[in-house]
Amino acid sequence: MRVWKTWLAAAASGLLFNLAGAAWAAPPDATQIERIVIPYSVGGITDLYGRLLAEQLQGGQKLPILADNRPGGGGAIGTAFVAKSKPDGRTLLLGSVGTATNPAMIKALPYAPRDIVPVAQVAISPLILYVRADLAKDLDQLVAYARQSPGKLTFANSGVGSSPNLAAALFARQLGLQVTHVSYRGTSAAINDFLGGQVDAYFDTLQAMTHVRTGRIRAIAVAAPERLADAPDLPTLDELGVRDVHASSWWGIFVPAGTPPAVMRELQARLRKAVENPVVQEQARKMGAVAIYRDQPAFQAFFDSEIRRWNAIIAAEHLSIE
């Protein structure tokens, strides 16, 4: 009996060892990615692109990469989770414009901005000024309408401090217009009311061009220094005389401060490979975005410029997130 119990214990121990080996074929090293934190709800472009990246980054790894949605606080909740995570390259943040603006907009920020660092930019989507098709056929008509009735022109946005909100505020200030900003909880609600005629204008990505083709809305101009390859006939605001109103939705990967340089380099190599994959390029285009790779120095410079530019608008417009 004692021999049987000894054998059973050994067999059980071996079984547990084998099961553990099946689940964790090899302990992940410091450069293996286990989680991309998406600080917004399921279904939006940030979520969709984050899941696409997770799928591509996994590659031949045996461990899955989790697309982990942690919405709330304008992206601050998910960002705080990453900021407080172990700096081992296994917990990534898919940051966006809110990552740059939240420190200026949220008084009780649940993390210190210095606790996250940029790794690489992975996508960008210049914003386009759209208007109700029955309101204006061009920029001159839109501006004339706004000047005739100060405050009557309404701009939809996907939340206070979102890129459409900031773009509309910059546009209005640059032209000296009084407009009314209408904030929604997310892109879907904003675009639905815009398409329904409840609001007059909206800064959105190329994805909204599908509604232009139906005649429901009109694209006026792109808020970028150059015309878009997928909309070559659409002028820039610069071309129409509205200078320096450049705004985009963008996405980049951040990690906790203190992540070792070797881990960062390995992660950057994986990100570049994923972003340059034709599948990612094509899927991003369908989302109305451009999959681009900017290395850490270039992304850091871009990120710092976003902070400076939008902080000025946030202060001027007294924008805040409770």
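Residues: numbered from 1 along the sequence shown.
When the options D244, V245, D238 are evaluated for a side chain to side chain contact (heavy atoms under 4.5 Å, CB included) with V242, the one that passes is V245. The ring-ring contact (aromatic ring centres under 6.0 Å, His included) with F303 is formed by just one residue from the set F254, W251, W310; it is F254. No option in L142, L234, V222 other than L142 meets the side chain to side chain contact (heavy atoms under 4.5 Å, CB included) test with L129.
Taking CG of D204 as the start and CD1 of I217 as the end, the distance is 7.5 Å to the nearest 0.5 Å. Separation of atoms CZ (R132) and CD (Q198) is listed at 9.5 Å; rounding is to 0.5 Å. Here the OG1 atom belonging to T236 is positioned 9.0 Å from the CD atom belonging to E226, to the nearest 0.5 angstrom. To the nearest 0.5 angstrom, Q207 atom CD is 5.5 Å from I45 atom CD1. Taken to the nearest 0.5 Å, the CG atom of L94 stands 9.5 Å off from the CG atom of D47. Atom-to-atom distance recorded for L319:CG and I314:CD1 is 6.0 Å, nearest 0.5 angstrom.
T205 has its side chain within reach of L127: a pair of non-hydrogen atoms, C-beta onward, lies under 4.5 Å apart. Between R294 and W250 the shortest side-chain heavy-atom distance does not fall below 4.5 Å. A 4.5 Å side-chain heavy-atom check between L177 and F171 finds at least one atom pair inside the cut-off. By the 4.5 Å heavy-atom criterion applied to side chains, Y202 and S158 are counted as neighbours. Contact check for L228 versus I128: side-chain heavy atoms found under the 4.5 Å cut-off. Under the 4.5 Å side-chain criterion, counting only non-hydrogen atoms from C-beta, T180 is not in contact with V199. Residues R309 and L170 form a side-chain contact, since some pair of their non-hydrogen atoms from C-beta on lies under 4.5 Å apart. Looking at I36 and L57, their side chains come closer than 4.5 Å, going by heavy atoms from C-beta outward.
Ring geometry for H181 versus F155: interplanar angle of 30 to 60°, hence tilted. Ring pair F299/F302 is parallel by interplanar angle, where below 30° counts as parallel and above 60° as perpendicular.
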Stepwise salt bridge (charged side-chain N to carboxylate O under 4.0 Å, His left out) check, R270 with E266: CA-CA 6 Å; R270 292 184 180 189; E266 177 68 19; 3.3 Å; yes

Could you go step by step and tell me if L92 and V119 meet the side chain to side chain contact (heavy atoms under 4.5 Å, CB included) rule? CA-CA 9 Å; L92 314 179; V119 177; 6.0 Å; no

Any chance you could lay out the side chain to side chain contact (heavy atoms under 4.5 Å, CB included) test for V82 and D115, step after step, and finish with the verdict? CA-CA 9 Å; V82 174; D115 290 341; over 6 Å; no

Test side chain to side chain contact (heavy atoms under 4.5 Å, CB included) applied to E317 and N165, step by step: CA-CA 11 Å; E317 296 288 323; N165 183 208; over 6 Å; no

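Residues I253 and L93 are members of separate hydrophobic clusters, defined by side-chain heavy-atom contacts under 4.5 angstrom among Ile, Leu, Val, Met, Phe, Trp and Tyr. Note: the hydrophobic cluster containing I321 also contains V97 (ILVMFWY, side chain heavy atoms under 4.5 Å, direct or indirect links). Note on V179: it clusters hydrophobically with L135, by side-chain heavy-atom contacts below 4.5 Å among ILVMFWY residues. In the hydrophobic clustering of this structure, F194 does not group with L166; members are Ile, Leu, Val, Met, Phe, Trp, Tyr whose side-chain heavy atoms approach within less than 4.5 Å, directly or through other members. The hydrophobic cluster containing I38 does not contain F81, counting ILVMFWY residues as joined when their side-chain heavy atoms lie under 4.5 angstrom apart, directly or transitively.
Using a distance-only test at 3.5 Å, with no hydrogens or angles considered, a donor-acceptor pair links the side chain of S125 to the main chain of G288. Panel note: side chain N69, backbone Y40; a donor-acceptor pair is recorded below 3.5 Å. Between the side chain of T154 and the main chain of D200, a donor-acceptor pair closer than 3.5 Å is present. At distances below 3.5 Å, at least one donor-acceptor pair connects side-chain atoms of N102 with backbone N or O atoms of G74. In this structure, Q300 contributes its side chain and P118 its backbone to no donor-acceptor pair below 3.5 Å. Using a distance-only test at 3.5 Å, with no hydrogens or angles considered, a donor-acceptor pair links the side chain of Q281 to the main chain of A291. Using modelled atom types, no side-chain atom of S149 and backbone atom of A146 make a donor-acceptor pair closer than 3.5 Å. Looking at R218, its side chain never comes within 3.5 Å of a backbone N or O of V131 through a donor-acceptor pair. The closest donor-acceptor contact from the side chain of Y49 to the backbone of V122 lies under 3.5 Å.
The minimum heavy-atom distance between A80 and P110, with the atom names listed, is CB-O, 3.7 Å. Contact record, L53 with A274: CD2-CB, 4.3 Å, taken as the closest heavy-atom pair. Contact detail for Q141 and A136: the closest heavy-atom pair is OE1-CA, 3.5 Å. When all heavy atoms of G89 and V263 are compared, the pair lying nearest together is CA-CG1, 3.6 Å. When all heavy atoms are compared, the tightest approach of A231 to L206 is CB-CD2, 4.1 Å. Listed here is the closest heavy atom pair of P164 and A156: CB-O, 4.4 Å.
In this structure, K273 does not pair ionically with E276, as no charged nitrogen and carboxylate oxygen lie closer than 4.0 Å.
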